[in-house]
Amino acid sequence: MSAQDIMSLLPVVILAGGILFILLLVAVKRDHLTTFAATLLILTASLITVFFTSPETPHVIGELFLIDRFGYYYLALILLATLVVAIFSYLSLRDFFPEKRMEEYYLLLMLATLGSAMMVFSTHFISFFVSLEILSVSLYALIAYYRERTKAIEAGLKYLMLAAMSSSFLLLGMALVYAISGTMAFHSLASISPALSATSNLMLIAGIALMIVGIGFKLAAVPFHMWTPDVYEGASSPISAFIATVSKGSIVALLLRFFILADLYRFEKILWAFTVISILSMLIGNLLALMQNNVKRILAYSSIAHFGYLLVALIAGKEMGPPAATFYLTVYVITILAAFGIISLLSQSQEEATDIEDYRGLFWKRPFLAAAFTVSLLSLAGIPITAGFIGKFFVLTAGVGTAKWLLAFTLVIGSVIGLYYYLQIIVVMMKQEINTVPTARFSKASSLLAGSLALIILTVLMIWIGVYPRWLVDIVNSLG
Amino acid sequence: MILAWLIILLIGTGLLAWLAGRWNSILPRIISLAGTLIYLGIVLWLWLGHDPGTDNQEWITSYTRSWIPAFGIQFKLAMDGLSLLMLVLTSFLAVISVLVSWKEINKRVGFFHFNLLLVLAGITGVFLSLDLFLFYFSWELMLVPMYFLISIWGHENRVYAAKKFFLFTQASGLLMFLSILGLYFIHWQNTGVFTFDYEQLLGTDMASGTAFLLMLGFVVAFIVKLSTVPLHSWLPDAHTQAPTAGSVILAGLLLKTGAYGLIRFVLPLFPQASLQLAPVAITLGVLSILYGAKLAFAQTDLKRLVAYISVSHMGFILLGVYAFNEMAMQGVIMQIIAHAISTGALFIIAGALYDRIHTRDIRQMGGLWRKVPKMGTMGLLFVMASLGLPGLGNFVAEILILIGSYLANHKVLTILATVGLVTATIYSLRIMQKVFYGKENKNWVIADLGIREMIIMLSLTAVIIWLGLFPASVFNVSQIPVQKIIQKVNTLDTGQGEAGHSGRDNIYHTASSMALKKKGQDQKINLIKSD
């Protein structure tokens with residue numbers, strides 16, 4: 001590895017070095033606040049270097065990594081999301097975590113972030129798989145971190161079993177593709193001529209299909225979605241937010257890279273498979289969300305639907321797809337971080353405020369939190385003056401522009417169904433208050449400063465992008 | 001710029017009212033009243049300042065700024081005579097709705113006024129947008145605050161009604177959005193330019209099948225708003241459950257955005273497809289007139305009854321729009337305004353009654369005239385307006401629409417629609433009979449209209465009489481835009497059958513001039529100016 005290689009990967013190197021640093025720090029001094037501060041420092045340092053080392057021209061490291069602006073954009077998104085997750089984690093751990101050892105949490109969080117950060121640059125099966133496993137293994141522990149809660153253990157185990165299984169699917173798929181093509185780099189797959197013999201073609205398709213299963217699991221697309229609601233419910237809110245944003249976001253980046261570099265758009269059958277997955281995710285995700293009365297489960301099912309919408313952009317092709325998908329993901333990350341942040345701020349015990357009745361009358365008790373939550377729900381529903389509307393517009397534009405009418409119509413139907421359960425939560429927040437909303441939680445004003453600040457920034461961003469999206473559209477379009 | 005200021009004014013006043021509501025419950029009312037009065041003042045100044053006769057330019061005033069250039073989206077507002085009339089109506093009802101809520105709304109006053117003004121801002125945006133993206137943006141912007149107005153300050157079944165309203169309008173709105181995107185891409189394929197600009201999209205060349213499908217997306221969204229019969233079922237619920245100001249805005253403005261959309265967007269963008277759709281649309285219109293009237297007659301809930309009257313009256317709008325002649329179209333404009341005033345007034349009376357006796361059930365009322373003579377007089381006046389008594393605005397509107405559609409060779413359907421006038425008499429008189437005349441069912445002890453309420457009712461009265469006696473003041477303003485839109489459709493028609501059409505034109509000209517003379521209007525109006 002040359003110096004230039006290291007320089008171009010500097011943010012990731014800082015992240016990796018930071019993990020070692022925290023490891024040592026914990027050995028020297030076990031202190032929650034110190035560890036938290038170190039985490040914030042490292043993430044911020046990494047984020048700052050992102051802006052300075054962002055490459056003008058793409059830079060290749062072996063066949064493993066491609067360092068380009070696209071990857072850097074996703075890296076910045078991941079780091080920002082992790083920063084917010086870390087802040088909400090700190091509040092939640094400090095107040096509700098019954099055990100003493102909280103420091104390892106940040107190690108795991110950073111490790112998972114490192115996995116995601118590597119994944120967005122991966123252009124090779126090996127780098128993809130290694131980074132995916134770093135991410136997944138850290139997540140097993142993070143999900144089950146609140147050991148006192150039975151649901152957390154259950155969620156962790158469920159995720160462990162299913163993720164391990166999906167990884168083996170992914171591996172077998174990679175093996176099959178390798179057997180046919182003799183290569184594991186994405187870009188060399190593009191040179192395989194579609195005119196293979198029937199059997200080899202079958203093997204290639206089968207290999208890619210198995211990989212789709214593995215990736216579909218990580219994205220929680222229907223029919224690989226079963227784990228989502230339980231894991232979202234079992235994990236603490238910040239971790240649910242992490243799964244929804246960082247973990248899924250990095251997979252989206254990888255999927256876009258894979259599709260473009262390997263030029264999977266040549267294969268009708270693969271596109272059809274993704275079309276079916278997308279349609280099922282949009283419909284089933286939204287329909288199942290209708291039947292929930294637990295806010296975290298609603299958000300879990302809605303995330304299934306949202307990644308269905310995102311796939312519409314992916315399917316739309318090389319030109320219109322990536323900007324639309326990137327924009328939509330950015331908006332979704334901002335929105336869902338705000339939503340889970342509010343849930344975690346509202347919680348007053350180990351059992352979080354997840355029942356929909358916990359939100360009754362919130363509008364009149366905590367107008368700011370309720371307004372922020374309303375904005376994020378409207379953004380999820382895609383209503384104007386929120387960022388979600390522009391995101392949906394972007395995706396619909398990609399779909400209609402490439403004449404994917406079926407997908408566009410399903411998206412519309414999905415949005416209308418979705419509206420119903422988002423409105424449900426808003427209505428509950430506006431009902432007459434009964435004294436169920438925790439108030440004690442808010443007395444510790446100082447601790448909430450960071451949380452509230454993050455929330456204010458996220459809310460302002462949602463509205464700013466909703467009203468004046470020009471800058472973000474330009475950035476996303478310039479990623480190439 | 002003045003147009004952008006109108007929207008900023010409303011949103012700013014709304015935010016200010018919301019903030020003020022944290023300290024005081026009177027302050028938001030005063031702020032909103034001031035804001036809407038300024039709005040009314042600006043609009044009236046625009047109205048008086050423009051000269052309809054010599055106005056050759058397309059727009060009275062316009063304002064364009066780049067918004068999201070990557071997609072060819074502009075912040076483009078423009079006003080012609082049609083938009084101007086709509087704004088006059090909007091600003092007038094804005095003041096009325098703030099006044100109406102003065103005593104009715106007692107909780108969360110600040111937030112109420114914020115929502116009220118935001119709805120008005122959205123409506124203003126709809127009436128002014130000339131960029132289809134901005135139009136859709138404003139279209140959706142009306143929904144959320146209206147949803148809050150119904151679901152927080154509404155009556156007993158408000159949550160159900162609010163949701164139904166939201167889902168109906170949102171679902172149809174998204175279909176329209178798909179159509180907008182379709183149009184956008186077809187224009188791009190033709191010219192290589194990405195734009196949502198209305199003026200550039202006009203005359204986009206496309207296959208007639210495609211045009212028809214795209215048009216359907218728009219039409220569905222607009223006739224849901226217009227509450228045309230198979231898609232009307234959200235309206236009675238929303239109207240019944242909304243607070244009075246909500247009902248006034250729903251009936252007076254929100255329904256009218258559907259009519260405006262048909263006139264501004266559907267006809268000019270899809271003239272050929274509109275001609276194809278006309279028989280269906282007119283049939284639906286007549287169905288709405290009769291079915292709405294029938295259901296209005298069957299209601300016992302006063303607000304629900306008035307809501308079905310709206311369904312019936314909105315049928316006339318559909319009938320008039322699809323007759324494709326100037327006379328019917330002018331009738332539609334008048335109907336938009338007159339219905340907003342008369343139905344708004346009926347909702348205010350229903351609200352005032354509910355305030356006093358806490359029921360909307362007309363079986364509990366009866367013999368109220370002796371108790372509340374002022375309210376009774378006002379009720380009688382607006383019931384007469386809604387049944388189409390000559391001398392009041394609604395008569396002018398309905399008669400023009402009926403003559404216009406008869407001349408457009410929809411004879412049978414027009415005759416059926418005329419039956420609607422008879423049924424209107426029946427259900428309207430039933431309101432008077434059940435509420436104000438007849439035996440007293442209960443011994444209500446109630447106060448008559450107060451000063452504030454009298455100011456509201458008298459200003460509405462003045463307007464409805466003005467419209468009935470001097471309809472030319474409206475027609476003068478709307479004449480040029482209406483002629484332009486009609487021309488777009490009729491040039492196509494001429495292309496198909498030159499001889500037949502010119503014959504029809506002549507009849508139309510004679511008939512309309514006769515009609516005008518009969519109403520004793522100023523000849524200068526020259527509704528029939530041939531060009």
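Labels below follow one simple rule: chain letters A, B, ... track the order of the sequence lines, proteins then strands, and each chain is numbered from 1.
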field: Segment of Ile186(B) engaging chain A (4.5 angstrom heavy-atom cut-off)
entry: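 Neither; nothing under 4.5 Å.
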Partner chain A: residue of Pro69(B), Ala162(B), Ser66(B) with the largest heavy-atom pair count (under 4.5 Å):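 Max contact count across the listed options: Pro69(B).
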[X] versus chain B, the contacting section by heavy-atom distance below 4.5 Å:
{"X": "Trp471(A)", "value": "neither"}
{"X": "Thr402(A)", "value": "neither"}
{"X": "Ile426(A)", "value": "side chain"}
{"X": "Leu411(A)", "value": "neither"}
{"X": "Val473(A)", "value": "side chain"}

- prompt: Taking the six-membered ring for Trp, are Phe111(B) and Trp153(B) parallel (under 30°), tilted (30 to 60°) or perpendicular (over 60°)?
  reply: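 Ring orientation, 0 to 90° scale: tilted.
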field: Whether Tyr328(A) and Tyr332(A) hold their rings parallel, tilted or perpendicular, with breakpoints at 30° and 60°
entry: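 Geometry flag for Tyr332(A) against Tyr328(A): parallel rings.
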Shortest non-hydrogen contact from [X] to [Y]?
{"X": "Gly21(B)", "Y": "Pro28(B)", "value": "CA-CG, 3.5 Å"}
{"X": "Leu134(B)", "Y": "Gln74(B)", "value": "CB-O, 4.2 Å"}
{"X": "Ser302(A)", "Y": "Ala289(A)", "value": "N-CB, 4.4 Å"}

- prompt: To the nearest 0.5 Å, how far apart are CE in Met320(A) and CG in Leu314(A)?
  reply: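 Nearest 0.5 Å value for the CE-CG distance: 15.0 Å.
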So, for [X] and [Y], is the gap between ring centers shorter than 6.0 Å?
{"X": "Phe265(B)", "Y": "Phe270(B)", "value": "no"}
{"X": "Phe133(B)", "Y": "Trp67(B)", "value": "yes"}
{"X": "Tyr260(B)", "Y": "Phe127(B)", "value": "yes"}

- request: Can you check whether anything in residues 175-184 of chain B gets within less than 4.5 Å of chain A, heavy-atom wise, and list it by number?
  value: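 If one takes a 4.5 Å heavy-atom cut-off, the residues of residues 175-184 of chain B near chain A are Leu175(B), Phe177(B), Leu178(B), Leu181(B), Gly182(B), Tyr184(B).
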query: If contact means a heavy atom pair closer than 4.5 Å, which residues of residues 135-146 of chain B contact chain A?
result: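 Under the 4.5 Å heavy-atom cut-off, Tyr136(B), Phe137(B), Glu140(B), Leu141(B), Val144(B) qualify.
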- prompt: When you look at Val460(A) and Ile457(A), which way does the side chain to side chain contact (heavy atoms under 4.5 Å, CB included) test go after all the steps?
  reply: CA-CA 5 Å; Val460(A) 168; Ile457(A) 293 174; 5.9 Å; no
Derivation of the side chain to side chain contact (heavy atoms under 4.5 Å, CB included) call for Ser415(A) and Tyr309(A): CA-CA 9 Å; Ser415(A) 312; Tyr309(A) 303 153; 4.1 Å; yes
query: Within residues 383-394 of chain A, which positions have a heavy-atom distance to chain B below 4.5 Å?
result: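 When heavy atoms of chain B are the reference, residues 383-394 of chain A contributes Ile383(A), Pro384(A), Ile385(A), Phe389(A), Ile390(A), Phe393(A), Phe394(A) within the under-4.5 Å range.
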query: Can you check whether Val159(B)'s main-chain N or O pairs, donor with acceptor, with Gln241(B)'s side chain at less than 3.5 Å?
result: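 Flag not set: sc Gln241(B) to bb Val159(B) has no pair under 3.5 Å.
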field: Ser379(A) (side chain) donor-acceptor with Val375(A) (main chain) under 3.5 angstrom
entry: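 Not confirmed, Ser379(A) side chain does not pair with Val375(A) backbone.
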Compile the donor-acceptor pairs under 3.5 Å between side chains in residues 204-222 of chain B and protein atoms, sequence neighbours left out, one pair per line.
unit_1: Thr204(B); atom_1: OG1; unit_2: Leu201(B); atom_2: O; d: 2.5

Most chain B-contacting option - heavy-atom pairs closer than 4.5 Å, from Gly401(A), Gly399(A), Pro367(A):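 With the most close heavy-atom pairs to chain B, the winner is Gly401(A).
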field: Winner by heavy-atom pair count (cut-off under 4.5 Å) against chain B, out of Thr397(A), Val467(A), Ile417(A)
entry: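 The candidate making the most pairs under 4.5 Å is Thr397(A).
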field: Residue pair Tyr198(B) / Ser129(B), side-chain donor-acceptor N/O under 3.5 Å
entry: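 Judged by distance alone, the side chains do not pair up.
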field: Short side-chain donor-acceptor distance under 3.5 Å, Thr330(A) and Tyr73(A)
entry: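 Yes.
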message: For Trp5(B), I'd like to know if atom CH2 has over 12 heavy atoms of other residues, nucleotides or ligands within 6.0 Å.
response: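 No.
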